[in-house]
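Heads up: the structure comes next, in structure tokens.
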Amino acid sequence: MPELPEVETAVRWLGPRLCGRTLLGARVAWARTLGGQRPAALNRAVAGRAVRGVSRRAKWIRIDLDDPAHPAPAVLVHLRMSGRLVIAPAGVPPGPHVRVSLLLAGGGRLDFVDARKFGRLRQVGDADAALPDLGPEPLAPGFGGPQLGAALGGRRARLKPLLLDQRVVAGLGNIYTDEALFRARLDPRTPAAGLGPSALDALCAAIRAVLTEAIAAQGSSIDASYRTPAGEPGRFQERLAVYGRGGEPCPLCQTAIRRVLLAQRATHFCPRCQRRARARRR
DNA sequence: AGATAAACCTCTAAGC
DNA sequence: TGCTTAGA
DNA sequence: GTTTATC
């Protein structure tokens, strides 16, 4: 087994968000996967089985590693539902559900932990590791009503499934979609084509506000596996207005929050505050 | 095009 | 307490 | 969270 290079490099994230989960502010140095496999074996190491084709709608994390043997080595990770990236100090044995470990130059590991095995990890440069098409980044300057309108493309599908589609807008998941629609006072079942300029502006503002606040609060932690690097739960869970609150009173009007299934996802909204937008005149 | 269901997996909270 | 189910 | 198949 070759000596591990004692080189450290900063992790450079593709963006500031990890599916609404919190940020891993660690430094990583390249070494090898568990078992001494070289980088090319990473894909096959994931969940011990072949990985399917690259998703076209996804929230990928890119980790650039520093490995003298491989030019610009990098790994793409998608956490899906239960994936986590955890730094394990030297000497701590791998816990349950560790799918891939990157051994760090300092002796510790970066573990990709994923109980449900939905997550993906692959090496950049492999044929199937191209980044998917992503819609506009909502936190970038220039994201406004017109850009969102263009992304929605006048489609007649309901808002919720469209906002969940990463090709339309990048980075929205189930929780923040519900919260943004609540703030914009829009019924998740509204056909996108029914939104006028003012509704589009409101939706943009709501998306940006929700994401900004959630990031500042370190995420939502709706289940125990979502933790900050320090092990703390995200504080945004305390500020969720509708998500996970079916049957509870709307914070604005006290009407019971409705919980329905849309696009196979639990969807929460206030039937009184959130209206189907008026059809656009034409 | 759009809606819907099933598939991929395991864990835990909740209910009886 | 234990077993089952719903939901993530 | 996402893909694939079916209506």
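The figures here come from the full heavy-atom set of this structure, side chains too, leaving out hydrogens, waters and symmetry mates. Predicted model, so just to flag it, every value in this text is computed and none were measured. To find a chain, count down the sequence lines: A is the first, B the second, and so on, and within it residues start at 1.
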In whole angstroms, how far is the [atom2] atom of [N] from the [atom1] atom of [X]?
| X | N | atom1 | atom2 | value |
| --- | --- | --- | --- | --- |
| A:Q264 | D:dT6 | CD | P | 16 Å |
| A:R80 | B:dC8 | CZ | P | 14 Å |
| A:R265 | D:dT2 | CZ | P | 8 Å |
| A:L172 | D:dT2 | CG | P | 11 Å |
| A:L163 | D:dT2 | CG | P | 13 Å |
| A:L162 | D:dG1 | CG | P | 16 Å |
| A:D165 | B:dA1 | CG | C1' | 13 Å |
| A:R84 | B:dT10 | CZ | P | 16 Å |

field: Spacing of the P atoms in D:dT4 and B:dC9 (rounded, Å)
entry: 15 Å
field: P spacing across the pair B:dA5 / C:dA6, given as an integer number of angstrom
entry: 16 Å
Any [X] side-chain N or O less than 4.0 Å from OP1/OP2 of [N]:
| X | N | answer |
| --- | --- | --- |
| A:Q166 | D:dT2 | yes |
| A:H78 | D:dG1 | no |
| A:H97 | B:dC11 | yes |
| A:R116 | C:dA8 | no |

query: Less than 5.5 Å between centroids and less than 30° between ring planes, does A:F118 satisfy that with B:dC8?
result: yes
task: Would you please name every residue forming a salt bridge (Lys or Arg N to Asp or Glu O under 4.0 Å) with A:R185, sequence neighbours left out?
output: none
Checking all strands, does [X] fall into the base, sugar-phosphate, or nothing category for heavy-atom contacts under 4.0 angstrom?
| X | answer |
| --- | --- |
| A:A266 | sugar-phosphate |
| A:R189 | nothing |
| A:N174 | sugar-phosphate |

Selected nucleotide, minimal atom distance to [X] side chain, candidates [options]:
| X | options | value |
| --- | --- | --- |
| A:R156 | B:dG2, B:dT4, C:dA8 | B:dG2 |
| A:M81 | B:dT10, C:dA8, B:dG2 | C:dA8 |
| A:A115 | B:dA3, D:dG1, B:dC11 | B:dC11 |

field: Summary of side chain to side chain donor-acceptor pair (under 3.5 Å) pairs that have at least one residue in residues 247-263 of chain A, sequence neighbours excluded
entry: A:R245-A:E248
- request: Could you walk me through whether A:S220 and A:Y243 pass side-chain hydrogen bond (donor to acceptor under 3.5 Å, both in side chains), step by step?
  value: CA-CA 10 Å; A:S220 294; A:Y243 185 85; over 6 Å; no
query: Could A:R235 and A:E213 be called an ion pair, given the rule that one side-chain N must be under 4.0 Å from one carboxylate O?
result: no
- prompt: Using 4.0 Å as the upper bound for N to carboxylate O, is an ion pair formed by A:K160 and A:D178?
  reply: yes
message: Donor-acceptor pair, distance only, cut-off 3.5 Å: does the side chain of A:D114 make one with the backbone of A:F118?
response: yes
